[in-house]
Amino acid sequence: MLFAEAAEASTSTYTSFDIYVLIFTVVIAIAVIRQLINPKRNLFALGFGTVSLLVFLFMDVIMIKGW
């Protein structure tokens with residue numbers, strides 16, 4: 001029983017898709033920053049990008065905790 005718990009605790013949830021999630025997060029962050037810098041802001045794009053960035057950052061935190 002003790003060995004089963006140790007084996008289960010040491011397993012990683014890392015997959016190759018995790019790299020893509022991190023890259024998408026960086027791309028969304030760049031888009032939000034560019035919208036903030038732009039003097040003629042599109043509020044819909046800024047709001048949508050901000051919500052998407054928050055969701056992806058939350059996903060990244062949960063994903064990295066599982067590694």
Side-chain angles (χ1 to χ4, degrees):
M1 184 70 169
L2 181 61
F3 293 119
E5 289 177 8
E8 183 178 330
S10 67
T11 59
S12 177
T13 60
Y14 177 79
T15 63
S16 59
F17 184 71
D18 295 348
I19 303 293
Y20 292 113
V21 174
L22 291 172
I23 292 171
F24 290 151
T25 304
V26 171
V27 170
I28 293 171
I30 291 170
V32 169
I33 291 169
R34 286 183 56 141
Q35 261 316 313
L36 286 172
I37 293 172
N38 194 2
K40 193 174 183 183
R41 294 186 180 127
N42 182 349
L43 294 179
F44 178 75
L46 184 61
F48 189 84
T50 304
V51 170
S52 299
L53 182 61
L54 290 174
V55 168
F56 269 77
L57 286 173
F58 179 71
M59 252 180 13
D60 290 339
V61 168
I62 299 298
M63 177 182 67
I64 291 173
K65 280 185 180 181
W67 288 354

Engineer: Answer yes if Phe48 and Ile28 sit in the same cluster of Ile, Leu, Val, Met, Phe, Trp and Tyr residues linked by side chain heavy atoms under 4.5 Å apart, and no otherwise.
Structural biologist: no
Engineer: With sequence neighbours left out, what residues match Ile19 under side chain to side chain contact (heavy atoms under 4.5 Å, CB included)?
Structural biologist: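 Scan of Ile19 (side chain to side chain contact (heavy atoms under 4.5 Å, CB included), adjacent residues dropped) gives Tyr14, Ile23.
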Engineer: How would you list, by chain and number, every residue that makes a side chain to side chain contact (heavy atoms under 4.5 Å, CB included) with Ala45, sequence neighbours excluded?
Structural biologist: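 Side chain to side chain contact (heavy atoms under 4.5 Å, CB included) list for Ala45, sorted by chain: Gln35, Asn42.
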Engineer: Say whether Ile30 and Leu36 are linked into one hydrophobic cluster, either directly or through other cluster members, by side-chain heavy-atom distances under 4.5 angstrom.
Structural biologist: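 Result: no, two separate clusters.
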Engineer: Kindly state each residue pair satisfying ring-ring contact (aromatic ring centres under 6.0 Å, His included) with at least one member in residues 18-44, sequence neighbours excluded.
Structural biologist: none
Engineer: Who else is in Ile37's hydrophobic cluster (ILVMFWY, side-chain heavy atoms under 4.5 Å, direct or via others)?
Structural biologist: Ile33
Engineer: For residues 53-61, dump all side-chain donor-acceptor pairs below 3.5 Å to protein atoms at least two apart in sequence or in another chain.
Structural biologist:
residue, atom, partner, partner atom, Å
Asp60, OD2, Thr25, OG1, 2.7

Engineer: What distance do Leu46 atom CG and Asn38 atom CG have between them, rounded to the nearest 0.5 Å?
Structural biologist: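 Spacing of CG (Leu46) from CG (Asn38) equals 10.0 Å.
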Engineer: Mind checking what makes side-chain hydrogen bond (donor to acceptor under 3.5 Å, both in side chains) contact with Thr15, not counting sequence neighbours?
Structural biologist: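 For Thr15 the side-chain hydrogen bond (donor to acceptor under 3.5 Å, both in side chains) partners, ignoring immediate neighbours, are Asp18.
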Engineer: Do Leu43 and Val51 share a hydrophobic cluster (ILVMFWY, side-chain heavy atoms under 4.5 Å, transitive)?
Structural biologist: no
